[in-house]
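Contents: one structure, followed by commentary.
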Protein chains: 2
Amino acid sequence: MPRTYRIGDLAQALAVSVETIRYYERESLLPPPARSEGNYRLYDQAQRQHLQFVLHCRALDMTHDEIRRLLKLREAPELECAEVNALLDEHIGHVTARIRALRALQSELRTIRNQCANPRATKDCGILHELAGSPAPTSRNAAALAVHDRPRRGR
Amino acid sequence: MPRTYRIGDLAQALAVSVETIRYYERESLLPPPARSEGNYRLYDQAQRQHLQFVLHCRALDMTHDEIRRLLKLREAPELECAEVNALLDEHIGHVTARIRALRALQSELRTIRNQCANPRATKDCGILHELAGSPAPTSRNAAALAVHDRPRRGR
DNA sequence: TGCACACCCTGTAGTAACTTCAGGGTCAAG
DNA sequence: CTTGACCCTGAAGTTACTACAGGGTGTGCA
């Protein structure tokens with residue numbers, strides 16, 4: 001007989017919050033589970049593994065959309081997994097670009113920080129003077145380059 | 001006589017959108033400007049520099065809150081700038097931590113990607129099998145570590 | 001003078017991936 | 001029969017913006 005968990009058990013077992021699990025369900029990252037008489041969600045071993053898959057993907061900073069695509073591919077075992085490879089390659093590309101951008105940022109921050117080695121009156125503070133100038137060409141777009149492209153329409 | 005710009009001129013001059021400028025005003029990152037007869041915002045040279053300061057800070061990926069703190073310090077020229085230094089050091093720390101996390105992520109992604117060098121049926125795809133397991137201890141918190149801590153209360 | 005058109009205004013809602021909260025039900029123990 | 005731990009739904013808040021609706025302003029041109 002298959003053991004069932006309630007949402008709190010599952011949350012604790014996988015070290016994630018109850019709200020996050022419910023949220024993933026709304027987001028279609030998890031299938032709607034069975035319900036008890038009192039309308040409590042009941043999960044089994046398969047659903048636990050499903051959630052673990054999703055959590056692993058999130059730990060790798062994939063978006064919900066990427067995860068949904070992977071889940072769909074997982075359900076089509078006869079197809080080739082070239083798409084899985086492509087998705088992962090693309091994701092690695094995002095991460096690499098983000099690291100490069102942050103490195104540029106870091107080096108500019110250090111340069112600025114060096115403007116003021118010894119505390120003095122703020123009116124003479126080299127850092128504040130530096131920040132008053134226009135952004136360095138390197139950092140100009142650095143911060144905008146997230147791991148994932150920001151959405152075009154609104155936030 | 002001091003030249004004045006309308007919001008569109010200022011936006012173009014500093015390569016930022018009109019909406020962003022209005023948004024910064026609402027966020028108290030910019031002081032409310034003078035208005036024309038027709039209720040148009042009118043900016044002068046000082047406000048232009050103020051905005052440039054803010055934009056530079058944003059290019060360095062500071063939060064609005066950090067920027068507001070810096071702005072306040074800038075208005076107290078007699079105080080010591082030790083706080084400016086501290087703020088910047090802390091910010092550099094965030095960036096450094098984020099880079100470290102992303103490097104760990106990148107290496108785990110590459111490991112996973114290597115599970116499947118040649119396309120085959122998804123049911124045999126090493127990547128999907130890997131993702132089904134529990135997250136590697138390194139990546140477990142990697143994605144959660146943003147440049148800035150995520151807010152505690154809701155989103 | 002009338003109108004097109006570029007520009008400006010305010011206010012509201014949408015974005016990602018959650019978290020928090022309000023206002024309630026369920027259920028086992030004491 | 002009440003207490004307390006747990007569960008439910010639905011709505012709103014978070015960051016830093018962007019987009020859009022519905023309206024005013026102001027200048028050039030016929």
Side-chain angles (χ1 to χ4, degrees), chain A residues 4-13 15-30 32-43 51 54-55 57-68 94 98 141-155, chain B residues 4-13 15-30 32-43 51 54-55 57-68 94 98 141-155:
Chain A
T4 62
Y5 315 78
R6 286 189 311 179
I7 197 168
D9 307 336
L10 186 59
Q12 193 165 27
V16 65
S17 83
V18 165
E19 290 84 2
T20 298
I21 298 179
R22 284 197 285 248
Y23 172 61
Y24 283 176
E25 185 184 331
R26 277 206 304 289
E27 284 282 293
S28 306
L29 293 175
L30 300 176
R35 296 291 184 131
S36 75
E37 294 231 332
N39 199 31
Y40 287 9
R41 287 173 179 81
L42 293 178
Y43 298 93
L51 176 54
V54 172
L55 289 175
C57 292
R58 278 301 297 143
L60 297 173
D61 217 9
M62 293 181 194
T63 63
H64 289 185
D65 207 61
E66 286 174 320
I67 299 172
R68 272 187 293 262
H94 291 156
R98 179 60 173 160
N141 298 321
L145 228 179
V147 171
H148 297 287
D149 298 335
R150 302 225 172 122
R152 270 81 218 245
R153 14 188 70 234
R155 294 203 96 194
Chain B
T4 62
Y5 314 79
R6 285 188 313 178
I7 196 169
D9 306 337
L10 187 59
Q12 194 165 25
V16 68
S17 83
V18 165
E19 290 84 2
T20 298
I21 298 179
R22 286 198 283 248
Y23 173 61
Y24 284 176
E25 186 183 331
R26 278 205 303 288
E27 284 282 293
S28 306
L29 292 175
L30 299 176
R35 298 288 184 133
S36 73
E37 293 231 333
N39 199 31
Y40 287 11
R41 286 173 180 80
L42 294 179
Y43 300 92
L51 176 55
V54 171
L55 289 176
C57 292
R58 278 301 299 142
L60 297 172
D61 217 10
M62 294 181 193
T63 62
H64 288 184
D65 208 60
E66 287 175 318
I67 299 172
R68 272 187 292 262
H94 291 155
R98 181 61 174 158
N141 299 321
L145 227 179
V147 171
H148 296 288
D149 298 335
R150 302 221 173 127
R152 273 84 219 247
R153 14 187 72 232
R155 296 204 91 194

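Below, each value reflects all heavy atoms present in this structure, side chains not excepted, and no hydrogens, waters or symmetry copies. Numbers restart at 1 for each chain; the letters A, B, ... are given by sequence-line order, proteins then strands.
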Check every strand shown and say whether A:Ser17 touches a base, only sugar-phosphate, or nothing at a heavy-atom separation below 4.0 Å. sugar-phosphate
Quick one: does A:Tyr40 reach the base of C:dG25 with a side-chain donor-acceptor pair under 3.5 Å? yes
Atom CG of B:Leu60 and atom C1' of D:dA16: how far apart are they, to the nearest Å? 16 Å
Rounded to whole Å, CZ of A:Arg58 lies from C1' of C:dA16 at a distance of 9 Å
Whole-Å distance separating the OH atom of A:Tyr43 from the P atom of D:dC6: 16 Å
Most 5' of B:Ile7 and A:Glu37 on DNA chain C, judged by nearest nucleotide: B:Ile7
Quick one: are B:Glu25 and B:Ile21 in side-chain contact, heavy atoms under 4.5 Å? no
Below 4.0 Å: OP1/OP2 of D:dC8 and any side-chain N or O of A:Arg41: yes
Check salt bridge (Lys or Arg N to Asp or Glu O under 4.0 Å) between A:Glu19 and all other residues, then give those that pass, not counting sequence neighbours. none
Distance check needed: C:dA17 C1' versus A:Met62 CE, whole Å only. 16 Å
Do any of residues 19-28 of chain B sit with a heavy atom less than 4.0 Å from DNA chain D, and if so which? B:Thr20, B:Tyr23, B:Tyr24
Figure out the CZ/C1' separation between B:Arg6 and C:dC7, and round it to whole Å. 6 Å
Parallel, tilted or perpendicular, judged at 30° and 60°: which one describes the rings of A:Tyr24 and A:His64? perpendicular
Nearest 0.5 Å, what's the CZ-CG distance between A:Arg22 and A:Leu30? 12.5 Å
Is any side-chain heavy atom of A:Leu51 closer than 4.5 Å to a side-chain heavy atom of A:Tyr43? no
To the nearest Å, how far apart are B:Asp9 CG and C:dA6 P? 16 Å
May I have the distance from B:Asp65 (atom CG) to D:dT15 (atom C1'), rounded to whole angstrom? 11 Å
DNA chain D in dot-bracket form (Watson-Crick or G-U pairs under 3.5 Å, [ ] crossing, | inter-strand) is ||||||||||||||||||||||||||||||
For the CZ atom of A:Arg41 and the CZ atom of A:Arg6, what is their distance to the nearest 0.5 Å? 13.0 Å
When you measure from the side-chain N and O atoms of A:Arg35 to the phosphate of C:dT26, is any distance below 4.0 Å, counting only OP1 and OP2? no
Could you tell me the separation between the CG atom of A:Leu55 and the CD1 atom of A:Ile67, rounded to the nearest 0.5 Å? 8.5 Å
Interatomic spacing from CZ in B:Arg68 to CE in B:Met62 - rounded to 0.5 Å: 14.0 Å
Take atom CG of A:Leu10 and atom P of D:dC6, then tell me their distance rounded to the nearest Å. 15 Å
Hey, is CD on A:Gln12 packed in by over 12 heavy atoms from elsewhere, all under 6.0 Å? no
